[in-house]
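Note that the structure is a prediction, hence the values are computed from the model and not measured. Basis for what follows: all heavy atoms, side chains included, without hydrogens, waters or symmetry-related copies. First the proteins, then the strands, lettered A, B, ... as listed; each starts at 1.
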There are 2 protein chains.
Amino acid sequence: MPTIIQVAAMAGVSTATVSRVLSHPDRVSETTRLRVLEVVDSLGYKPNVAARTLRTLRAAKILVTVPDISNPFFASVIRGAEEAARDAGYAVVVGDTRHDPSIEDQYADMLSSREVDGLVFLGHRLPDNLRPMISKQGARAPVVNGCEYSPDIGVPSVHIDNAAAGCDALEHLVRLGHRDIGVVTGPHVSPISRDRLAGAIQAAERHGLRDRLQVRVGDYSAQSAAGHVSDLIAQGVTGLFCFSDEMAMGAISAIRQAGLSCPDDISVIGFDDLPLARFFQPGLTTIAQPKGRIGHQAVELLVNILRGGESLVSQITLPHELVIRSSTRAIG
Amino acid sequence: MPTIIQVAAMAGVSTATVSRVLSHPDRVSETTRLRVLEVVDSLGYKPNVAARTLRTLRAAKILVTVPDISNPFFASVIRGAEEAARDAGYAVVVGDTRHDPSIEDQYADMLSSREVDGLVFLGHRLPDNLRPMISKQGARAPVVNGCEYSPDIGVPSVHIDNAAAGCDALEHLVRLGHRDIGVVTGPHVSPISRDRLAGAIQAAERHGLRDRLQVRVGDYSAQSAAGHVSDLIAQGVTGLFCFSDEMAMGAISAIRQAGLSCPDDISVIGFDDLPLARFFQPGLTTIAQPKGRIGHQAVELLVNILRGGESLVSQITLPHELVIRSSTRAIG
DNA sequence: CGCAACAATGTAATCCTTTACATCCATATT
DNA sequence: AATATGGATGTAAAGGATTACATTGTTGCG
């Protein structure tokens with residue numbers, strides 16, 4: 001592997017000039033620039049990134065951690081993040097934490113060891129070993145939270161208004177005439193799940209349906225929702241609001257297995273608007289999140305911090321949208 | 001940020017000793033080890049990875065590129081890769097190339113610049129700028145191909161026997177009595193698509209159905225398959241083999257929109273066995289690929305190369321499996 | 001014609017860690 | 001008691017790029 005020294009020797013210039021040709025072309029005369037570039041090409045020289053990082057204190061890499069990479073929702077967020085990162089000259093390191101705090105910590109260490117310049121974490125838990133950094137550097141710490149958001153951890157974040165979204169979903173079911181409504185939430189530790197539930201409860205109260213609301217706890221997986229279905233059917237539920245499309249699909253599958261039909265017997269509304277939601281049968285009514293934009297903006301926020309930007313915008317709320325397809329229908 | 005020098009000074013030892021405490025604890029006396037570790041803790045010292053990489057020529061990072069990260073199939077492969085990487089002491093950098101050769105090249109450069117130690121690429125195209133490296137280093141080049149596989153590019157790879165799988169799928173439809181069978185392939189440039197098609201055609205020939213086989217080209221996306229459905233219906237097809245579950249779902253959705261039913265009128269078989277396949281309605285009959293294992297083994301192969309292992313196993317074929325659910329049915 | 005100003009390039013320090021080699025000291029061996 | 005052995009630690013040289021500062025050479029102006 002050629003080094004800058006060999007390039008310099010072969011081009012008959014100093015290493016400084018070679019470096020300048022590559023990073024500040026305008027500070028070098030055209031003739032030498034061309035000559036150097038020719039040597040660079042012929043040798044196939046590529047600067048050693050470790051050496052550069054060591055010298056410049058910049059790894060040009062951003063870490064994005066997700067609790068579950070096989071969740072299509074996160075895949076879309078990552079894609080947005082990756083795009084924004086590439087535009088800003090950063091590569092993305094993806095960490096799949098599998099909801100495991102020790103793996104989260106492991107990845108967070110990459111920040112402390114300067115393997116990456118910043119972190120976007122898509123989950124609700126701020127890794128413990130980042131606490132000191134956050135409390136020391138405050139909003140200038142290169143850490144951004146995506147999707148979820150916890151006001152208490154003091155980290156900028158990008159998300160939708162989950163309470164409003166929860167409210168919208170429930171309102172939609174009520175508007176269709178449903179009175180006995182079931183809700184399958186995410187885990188209680190998830191702030192966005194709590195927000196959605198709060199929104200849903202508030203809407204239910206507004207219509208005097210608080211007492212008839214059947215709330216069950218899921219974990220965003222299809223299985224977890226399917227498991228609650230027979231119980232909810234027994235309770236006479238006609239409308240069901242699941243906090244993820246996967247759970248909605250699981251629930252619909254279970255409804256069918258119970259010999260009932262969605263939407264004829266039970267209307268189901270999901271959350272996220274996964275790419276497959278429209279191809280599911282029945283087409284899934286759902287709350288669409290701007291997945292790509294969430295990732296995109298989270299990275300932009302982070303890059304801003306890394307550039308020492310003063311912005312200090314700490315919370316970005318993006319719009320959600322109720323997408324009505326055929327898994328919900330007026331009662332009767 | 002503390003450096004090793006400060007730790008050394010504060011612990012009253014040389015930097016060499018600190019380094020040894022962290023990387024070769026057994027070569028240091030217990031008393032000094034404890035003393036150093038105490039200082040490391042109190043200062044929150046984390047070795048600078050760039051400096052270490054520069055010195056050791058090891059980035060401890062593996063690059064995995066995918067043509068489309070929002071494809072759940074790849075997400076599962078990545079997860080397997082990530083797991084194997086972490087076990088071997090590597091982090092995974094994920095690159096989403098969006099089928100764009102220039103982005104592929106961009107990521108491949110990370111190998112040349114030693115930002116990463118190795119590359120697993122999940123696609124069929126070997127980035128151009130890797131050619132020289134491959135032809136120079138041959139099988140010792142730290143590059144592995146996952147899922148797809150091109151015998152000509154001379155890179156070790158991990159995949160299933162796609163021809164056999166294509167054959168299995170078609171045999172299944174024939175066994176159910178279907179005679180007019182449609183196939184929606186992937187792009188022609190994709191070797192795995194060609195293999196599956198070859199397998200399917202071979203099976204059709206065996207049953208004297210070659211001429212009745214209706215072949216259409218898709219791009220693995222739901223939309224692309226949906227677009228072919230009305231035409232295939234017009235051709236009187238009763239069985240449809242799609243080269244991805246997403247296409248199968250798109251096709252089923254289109255079949256329904258055309259007023260027909262799957263599986264009553266048309267049986268559909270997919271490929272991949274995505275996590276959602278069993279929750280789809282009807283439950284998707286499909287060829288299951290060992291997604292996680294593919295990623296896992298690809299990384300293991302790569303790590304083996306990185307460790308200078310002599311293995312030189314160049315092609316690993318993993319087993320696939322026909323999973324029968326309810327989207328296929330005997331003709332009737 | 002002489003000097004200021006500036007453009008182009010070179011010199012060498014620096015980023016932080018790892019590790020080959022040197023040194024020291026204590027224990028074991030004869 | 002003298003020496004060999006080996007364990008613990010220190011010294012200092014990489015590793016490859018960037019960049020402040022120094023130097024050289026040109027151009028322009030009075």
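Under the ring-ring contact (aromatic ring centres under 6.0 Å, His included) criterion, His159(A) pairs with Tyr149(A), sequence neighbours left out. Every residue two or more places apart in sequence or in another chain that forms a side chain to side chain contact (heavy atoms under 4.5 Å, CB included) with Glu104(A) is listed here: Thr97(A), Arg125(A), Pro127(A). Legend: residues meeting side chain to side chain contact (heavy atoms under 4.5 Å, CB included) with Ser29(A), ordered by chain and number and at least two apart, are Thr31(A), Thr32(A). Residues satisfying the side chain to side chain contact (heavy atoms under 4.5 Å, CB included) criterion with Pro2(A), sequence neighbours excluded, are Gln6(A), Leu43(A), Tyr45(A).
Between the side chains of Glu148(A) and Ser157(A), no donor-acceptor pair is found at a separation under 3.5 Å.
Evaluation of the salt bridge (Lys or Arg N to Asp or Glu O under 4.0 Å) test over residues 29-53 of chain A, restricted to residues two or more places apart or in two chains, returns Lys46(A)-Asp109(B). Applying the salt bridge (Lys or Arg N to Asp or Glu O under 4.0 Å) test to residues at least two apart or on different chains, the pairs with a partner in residues 65-93 of chain B are Asp68(A)-Arg79(B), Arg79(A)-Asp68(B), Asp96(A)-Arg79(B), Arg98(A)-Glu83(B). Counting only residues at least two apart or in different chains, salt bridge (Lys or Arg N to Asp or Glu O under 4.0 Å) contacts with residues 1-17 of chain A are absent. Applying the salt bridge (Lys or Arg N to Asp or Glu O under 4.0 Å) rule to pairs touching residues 111-124 of chain A yields Glu115(A)-Lys61(B), sequence neighbours excluded.
The span of DNA chain D lying next to chain A, judged by atoms under 4.0 Å from heavy atoms, is bounded 5' to 3' by dG16(D) to dT19(D). Where DNA chain C meets chain A (any atom under 4.0 Å from a heavy atom), the bounding nucleotides read 5' to 3' are dA8(C) to dC16(C).
Sorted by residue number, the list of members of residues 26-38 of chain B with any non-hydrogen atom under 4.0 Å from DNA chain C is empty. For the segment residues 50-63 of chain A, residues with any heavy atom less than 4.0 angstrom from an atom of DNA chain C are, sorted by number, Leu54(A), Arg55(A).
Scanning both residues, Gly118(A) and Leu302(A), for their nearest heavy atoms gives C-CD2, 3.8 Å. Across every non-hydrogen atom of Tyr107(B) and Val94(B), the tightest pair is OH-O, 4.4 Å. The two residues Ala75(A) and Ile69(B) make their nearest non-hydrogen contact at CB-O, 3.5 Å.
At the heavy-atom level, Val18(A) lies nowhere under 4.0 Å from the strands shown.
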